[in-house]
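This report concerns only the one structure given below.
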Amino acid sequence: MRRTAYAATFRRSDLGRSICACGWVESVRDHGGLIFIDLRDRSGILQLVCDPSKQPEVHALASQVRDEWVVAAEGEIVARSPETVNPNLPTGEIEVAVRTLEILNKSLPLPFQISHGELNEEVRLKHRFLDLRRPAMQRNLAFRSRLNAIVRNFLLENDFYEIETPFLTKSTPEGARDFLVPSRLMPGQFYALPQSPQLYKQILMVAGFDRYFQVARCFRDEDLRADRQPEFTQIDIEMSFVDRGDVIDLTGRLLRDMFRKALDVEVALPIPTLSYDDAMARYGSDKPDLRYDLPLTEITDLARESKFGVFLRAIESGGIVKGIRIPKGATFSRKDLDDLVAETQRYGAGGFAYFKVTGGALASNIAKYFPEGILAKIRERMGAEEGDVVGFVAEPPAAANTVLSQLRASLARRLNLIVPGKNAFVWVLDFPLLEYDAGEKRHVAVHHPFTAATAETRALLASDPLKVKAQAYDIVLNGSEIGGGSIRNHRVDWQEDLFRTLGLEKEEVDQKFGFLLQALALGAPPHGGIALGQDRILMLMLGADSIREAIAFPKNQRGVDLCFDAPSGVDDRQLRDLGIQLRAKPKT
RNA sequence: GGGGACGUGGUGCAGCUGGUUAGCACACCGGCCUGUCAAGCCGGAGGUCGCGGGUUCGACCCCCGUCGUCCCCGCCA
């Protein structure tokens with residue numbers, strides 16, 4: 001028997017046709033007489049009817065069939081009588097009067113039922129091949145495939161070449177921890193799996209390819225999160241002879257195309273922009289969720305005029321006082337407000353001082369420490385209205401922002417400020433090029449160490465490195481960073497200056513990045529690009545709460561593939577070939 | 001490295017402030033049933049409650065440890 005078409009593609013227009021469909025048994029309803037079988041394939045469900053009065057041997061066979069057996073059914077498409085039409089199925093007006101039923105494979109009873117509600121993720125991942133049979137996962141991966149096609153078509157039509165780059169590459173300092181791959185032919189030497197194709201794509205620009213893209217797998221050996229996997233996919237793009245605006249424009253058009261064609265959602269262009277400084281000041285985060293406003297406001301100068309010891313001491317030691325207005329917060333119960341205090345403490349705050357706006361003034365058990373004029377100014381600056389609550393933390397700037405940005409997100413959920421279906425894109429621009437790493441006692445790149453400084457601030461690299469701005473940009477959707485990029489250093493002297501500021505020794509630079517510096521010295525065009533987090537974008541488009549829903553075979557939180565049971569130990573023989581001896585017996 | 005939640009038959013869940021035979025649904029097995037579509041009806045099998053220790057006359061329920069899963073911080077150029 002040869003399959004005619006996918007099971008759920010048949011309609012009334014096929015009445016009278018003899019067809020064959022293949023798939024899995026979704027359910028069997030055995031009436032003793034008639035037997036109904038729901039046949040499922042990737043397209044959906046088709047009802048088979050086995051009538052003992054017409055095909056006794058088919059009926060006898062059908063009575064053996066169990067859930068998830070693999071069958072092929074041949075028969076005639078017939079109409080269902082009006083009262084037996086199932087309006088919930090696209091194929092609900094028809095069914096197959098089975099003439100031949102072939103059991104292609106049996107199945108043991110399943111560890112879980114395919115189409116029956118919620119499952120623990122552990123169970124799902126352990127039997128991923130069954131989990132993937134579920135309609136939701138079929139839909140997710142079909143969507144992923146379609147989105148990839150949209151991306152490829154868009155970029156190819158915009159004169160990009162798709163070029164693949166190696167997985168076995170060189171471990172470089174800076175950035176995430178590398179996954180290492182030992183070399184057999186060069187004992188004691190290691191490849192690294194790429195954290196991104198960053199340097200390859202820059203080299204491709206030097207090679208004159210001008211416009212490159214790749215749907216690239218990237219590997220980072222860091223701890224996992226709901227939106228982070230050790231291997232993930234980037235839509236990686238690089239262009240020559242462009243500036244920041246060109247990359248931003250192209251990315252906007254790409255995103256618009258993706259959302260339009262895959263989701264039928266319009267992305268308004270140009271996507272709004274926000275400077276890093278403004279993002280941090282107003283939202284306490286470099287990836288603010290702009291589906292709601294709920295801004296933060298600093299009142300350090302006003303707090304200094306108070307007699308409130310907590311604030312004064314924090315300011316004295318370099319802290320700031322910053323807060324958030326909670327619209328209609330006065331409706332919160334005392335317990336709600338206590339919970340809020342506890343919540344900020346979980347985020348790392350020492351405390352959370354709040355006032356209610358009643359009778360046009362700020363009221364609180366700590367109000368007595370504030371001169372009336374100051375209270376009025378605080379209320380005014382916070383934009384607080386009758387019935388609001390305003391709350392403050394007094395912390396070092398970074399901590400204040402961390403706490404308040406988390407609180408802001410939490411309040412938005414609690415106050416129902418997130419409009420379902422709304423997408424808020426924003427570009428965050430003008431990042432600092434460097435930040436100081438207290439642990440390593442040196443400057444490290446905020447983006448990556450190939451990012452160009454802005455022309456205006458480049459001169460400060462030696463004298464005041466933290467003031468240098470980067471020609472970098474992040475694209476943020478609903479509080480998630482979905483991509484980032486920069487204009488790169490195409491001049492070798494710029495790149496050398498940056499390495500020097502990062503505290504890399506000349507010798508190390510030559511060893512680790514010699515090929516890059518040589519390439520830059522041999523006719524590198526100005527270039528820049530971006531990488532979009534494909535799995536993360538998919539997760540958001542699918543409305544999933546985990547990146548794993550967008551990946552066929554994801555790892556769990558400890559980086560374990562529960563289906564394949566990887567990673568695993570290897571034979572001593574394999575280690576010997578690689579010249580590797582384990583330091584200690586691993587725990588089993 | 002740290003904080004939090006969870007862990008009960010194959011799966012998803014219930015089990016009150018600890019009290020005698022650990023419930024329910026689906027799946028599974030047997031029987032009945034010719035229009036169902038999460039089919040229905042009757043009957044049956046299946047768990048000692050992740051693991052170890054402790055408290056107690058008595059623990060699924062309390063305590064400690066441990067393992068596992070998830071969420072978060074650190075980390076992720």
Side-chain angles (χ1 to χ4, degrees), chain A residues 26-40 45-54 59 63 66-68 78 80-89 91-92 95 97 107-127 130-131 172-178 195-196 198-199 218-230 232 342-343 345-348 399 402-403 406 409-410 431 433-435 437 439-440 443-451 470 472 481 484-486 498 502 531 533 545-546 548 556-558 560 562 587:
Chain A
E26 167 84 11
S27 78
V28 185
R29 294 178 294 280
D30 186 343
H31 288 236
L34 284 179
I35 296 176
F36 299 96
I37 295 174
D38 281 346
L39 183 72
R40 186 195 69 238
I45 284 176
L46 176 66
Q47 176 162 284
L48 312 177
V49 192
C50 306
D51 188 336
S53 65
K54 292 173 181 154
H59 179 268
S63 68
R66 295 291 178 270
D67 287 358
E68 297 305 315
V78 296
R80 299 198 195 185
S81 63
E83 69 277 11
T84 61
V85 163
N86 185 343
N88 301 317
L89 292 178
T91 56
E95 61 195 7
S107 169
L108 295 171
L110 262 52
F112 58 84
Q113 291 164 271
I114 300 298
S115 302
H116 287 256
E118 295 299 299
L119 293 166
N120 280 334
E121 199 169 1
E122 190 175 358
V123 176
R124 294 177 53 198
L125 291 179
K126 187 163 183 181
H127 308 279
L130 297 178
D131 186 41
T172 52
E174 306 291 310
R177 192 178 294 108
D178 285 324
Q195 296 178 29
S196 83
Q198 180 60 34
L199 292 173
C218 305
F219 305 87
R220 294 177 190 175
D221 189 4
E222 298 291 348
D223 287 355
L224 279 53
R225 287 285 189 284
D227 62 353
R228 264 164 40 190
Q229 283 275 300
F232 60 99
E343 194 175 333
Q345 285 168 340
R346 271 204 308 285
Y347 300 146
T402 306
V403 171
Q406 290 184 79
S410 161
F431 280 80
L433 183 66
L434 302 163
E435 63 191 349
D437 184 319
E440 294 206 27
H443 293 96
V444 296
V446 169
H447 185 56
H448 62 51
F450 318 107
T451 299
E481 181 194 329
S486 63
L498 179 50
L502 292 171
D545 49 20
S546 157
R548 297 180 294 275
N556 75 2
Q557 195 166 46
R558 291 200 304 168
V560 173
L562 290 171
K587 284 180 286 186

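In what follows, chains are A, B, ... by sequence order, proteins preceding strands, each numbered from 1. Owing to the predicted nature of the structure, the values given are computational and were not obtained by experimental measurement.
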Q | Counterpart base for B/A14, defined by Watson-Crick or G-U wobble contacts under 3.5 Å | A | none
Q. For nucleotides 25-37 of chain B, read 5' to 3', which letter fits each nucleotide if B means a protein heavy atom sits under 4.0 Å from the base, S means only the sugar-phosphate is that close, and - means neither?
A. -BS-S---BBBBB
Q | Rounded C1' spacing from B/A22 to B/A14 in Å | A | 10 Å
Q) When only distance counts, do a donor and an acceptor, one from the side chain of A/Arg220 and one from the base of B/C76, lie under 3.5 Å apart? A) no
Q) How is A/Pro449 classified with respect to the nucleic acid when contacts are heavy atoms under 4.0 Å: base, sugar-phosphate, or nothing? A) base
Q: Measure the shortest side-chain to side-chain distance between A/Ser63 and A/Ile35 over non-hydrogen atoms and say whether it is less than 4.5 angstrom.
A: yes
Q: Please report the C-alpha distance between A/Leu130 and A/Leu110 in whole Å, then the side-chain angles of each, then the deciding distance to 0.1 Å, and finally whether the side-chain contact (heavy atoms from CB on, under 4.5 Å) criterion is met.
A: CA-CA 9 Å; A/Leu130 297 178; A/Leu110 262 52; 4.0 Å; yes
Q: Could you verify whether a donor N or O on one side chain and an acceptor N or O on the other, from A/Arg548 and A/Gln557, lie under 3.5 Å apart?
A: no
Q. Distance-only, no hydrogens or angles: does the A/Arg80 side chain make a donor-acceptor pair with backbone N or O of A/Gly92 under 3.5 Å?
A. yes
Q) Ignoring hydrogens and geometry, is there a side-chain-to-backbone donor-acceptor pair from A/Asn120 to A/Glu122 under 3.5 Å? A) no
Q) Considering only the C1' atoms, how many Å lie between B/A39 and B/A27, rounded to the nearest integer? A) 15 Å
Q.
Using the P atom as the point on both nucleotides, what is the distance between B/C32 and B/G7, in whole Å?
A. 42 Å
Q: Determine which nucleotide pairs with B/A22, using a 3.5 Å limit on both distances of a Watson-Crick or G-U wobble pair.
A: none
Q. What nucleotide among B/U11, B/G68, B/C73 has an atom nearest to a side-chain atom of A/Leu119?
A. B/U11
(Q) Once hydrogens and angles are ignored, does a donor-acceptor distance under 3.5 Å link the base of B/G74 to the side chain of A/Asp223? (A) yes
Q: Check the pair A/Asp67, A/Gln113 against side-chain hydrogen bond (donor to acceptor under 3.5 Å, both in side chains), reporting the backbone distance first and the verdict last.
A: CA-CA 9 Å; A/Asp67 287 358; A/Gln113 291 164 271; 5.3 Å; no
(Q) From C-beta outward on A/Phe112, which listed nucleotide comes closest to its side chain: B/G74, B/U11, B/C70? (A) B/U11
Q) Can a donor-acceptor pair be found between the side chains of A/Glu26 and A/Ser115 at a distance below 3.5 Å? A) yes
Q) Is A/Asn556 touching bases, backbone alone, or none of the nucleic acid, heavy atoms closer than 4.0 Å? A) sugar-phosphate
Q: Using the C1' atom on both, measure B/C13 against B/C72 and round to a whole Å.
A: 26 Å
**Q.** Inter-nucleotide P distance (B/G9, B/G54), Å rounded
**A.** 24 Å
Q: Report which part of the nucleic acid A/Arg548 touches: base, sugar-phosphate, or nothing (heavy-atom distance under 4.0 Å, all strands).
A: sugar-phosphate
Q | Length of the CZ-P vector between A/Phe232 and B/C76, whole Å | A | 13 Å
Q) At under 4.0 Å between heavy atoms, what does A/Glu122 touch on the DNA or RNA strands: base, sugar-phosphate, or nothing? A) sugar-phosphate
Q | Nearest-Å distance for atom pair CG/C1', residues A/Asn120 and B/C71 | A | 14 Å
